[in-house]
> 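One structure coming up, written as structure tokens, with questions to follow.
Below, read A as the first sequence line, B as the second, and so on, with proteins coming before strands; counting in each chain starts at 1.
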Amino acid sequence: MEDSRYDVIVIGAGAAGLTAAIYLARARMKTLVVDRGTPGGQMILTYAVANYPGIPEASGAQIAMTMRRQAEAFGARILGQAEVTRMDLGGPWKTIEVEDEGTFTARSVILATGGVPRSLGLPSEAVFRGRGISYCATCDGDFFAGQDIAVIGGGNSALEESVSLARQVRSVTIIHEFDHFQAQAWVVDQARREPRIRFLMEQDVREFVGDESLREVVTVHKRTGEVTRVPATGAFIFIGYVPDTARFKGIVDLDERGQIVTDDLLRTSVPGVFAAGDARQKRYRQITTAVADGTIAALSAIEYLGTSGVTLPPPPP
Amino acid sequence: MLQTNLKHVETVQDYRDLTQQGKTVIVCGRMGPMCIPVYGVMESLESKYPDIRFRDMEFDSPVAMQTIRALPEVRNFHGLPFTVYFRDGKVVAATSSIQTKAQVKEILDSRMADGTEAQAG
Ligand SMILES: Cc1cc2nc3c(=O)[nH]c(=O)nc-3n(C[C@H](O)[C@H](O)[C@H](O)COP(=O)(O)OP(=O)(O)OC[C@H]3O[C@@H](n4cnc5c(N)ncnc54)[C@H](O)[C@@H]3O)c2cc1C
């Protein structure tokens, strides 16, 4: 039977978690990585990554797979589709229970749970998911060729995807909650130059309406209360990500946005527990910054293990 | 060709053999962001549900056009992958777009387990 004691357990196998695993395993730390989904995290959702230094362009899935193989080659054990059902991170030995897999202990834990897409929280959003509502333009854009669609959001993803969708659909209505966009100026410019894109600003999305599939998006102007019914057979939602940290509430310090609070060595409020990537308090969320975090958290954990006096007991006879 | 660890459905005859008898789940998709996680979920469940056959099928293949994509149950689907659950020749459930392991298990346990009715999804 595999020994269930590790030097370090990493929760989350996105860019941050996999990088931490590469550094840890290469330093001969016995490392377990647990991910409740498919290892790779948000990288898997990215069709083409063009800003990862050293790689002119690759799919996020390819980069993720390479990172995973690299971590495994150094000896890290990676469990995908593995839900953490209980954790006790307080003492010098941290315990983690994983559904269907058992209980694991480690001297240090790195929290790298990243982010989850923000949802509008409307009951009708769930009803039309896959029946008009989508979160991936490259995956589902061709279902809407020649049709009228809506894109909800005002950041880089929303505007970039609108421009790419405009090439195949009849019209794109960008629905945004503010009177200005959060996207970078050059991305906004690109969208404004596209004649098939129109803009509906300062709107709250109230409801998605349809029968078997989506027919229209109902919005309300935030100041005037005017109701607009936007005919749309498709609605692509890109309203950002929120840190996936709810389950760490009361375990480590979180800020008011739910981000894990760390110092510059990525230590959390609990000794031996570190945080890396989009789950922690920081301004810029990119693969490169997640990778940097994974590196720092791993090196900090290694240093902690060297100085904490907590040692791995001999394996059972 | 899909790069997954699932067995692929590559001919209409395969499809018939798999769906006419017993329990089969087919994920019909591409190697895209919404599909890869669903293949991963099915790979992780294969050993836990030994009586169910988990397969995938290339969305853009001729066999998909003649089989999964022609099913009335997927007529209003607009999100990849299309996941279809078969039991003794009947479609008992079908979902569009990304699904979590919990969502898939919910369907397997409620529609595919012995003792549950094989009712149309
Ligand atoms: C559509 C899209 C396009 C993007 N494009 C780019 C780009 O071109 N360039 C760029 O640099 N960045 C891009 N980004 C941002 C970048 O992908 C992220 O900032 C980065 O991947 C975050 O990595 P992470 O490891 O911190 O978190 P994530 O990638 O979110 O990984 C976290 C992992 O933790 C797992 N997890 C969560 N909770 C638990 C739990 N309780 N137990 C176990 N596991 C758990 C999740 O399943 C996930 O696999 C993009 C993001 C998106 C969504």
> To the nearest 0.5 Å, what is the distance between SG on A:C136 and CE on B:M34?
4.5 Å
> Under a 4.5 Å heavy-atom cut-off, does chain B meet the side chain of A:F128, its backbone, both or neither?
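Nothing of A:F128, per the 4.5 Å heavy-atom cut-off to chain B.
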> Between chain B and chain A, identify all donor-acceptor pairs below 3.5 angstrom, including backbone and side-chain atoms.
residue: B:R30; atom: NH2; partner: A:D142; partner atom: OD2; Å: 3.2
residue: B:N76; atom: ND2; partner: A:E212; partner atom: OE1; Å: 3.2
residue: B:H78; atom: N; partner: A:G130; partner atom: O; Å: 2.7
residue: B:G79; atom: N; partner: A:G130; partner atom: O; Å: 3.4
residue: B:L80; atom: N; partner: A:D140; partner atom: OD1; Å: 2.9
residue: B:S96; atom: OG; partner: A:G130; partner atom: O; Å: 2.7
residue: B:K101; atom: NZ; partner: A:Q81; partner atom: O; Å: 2.6

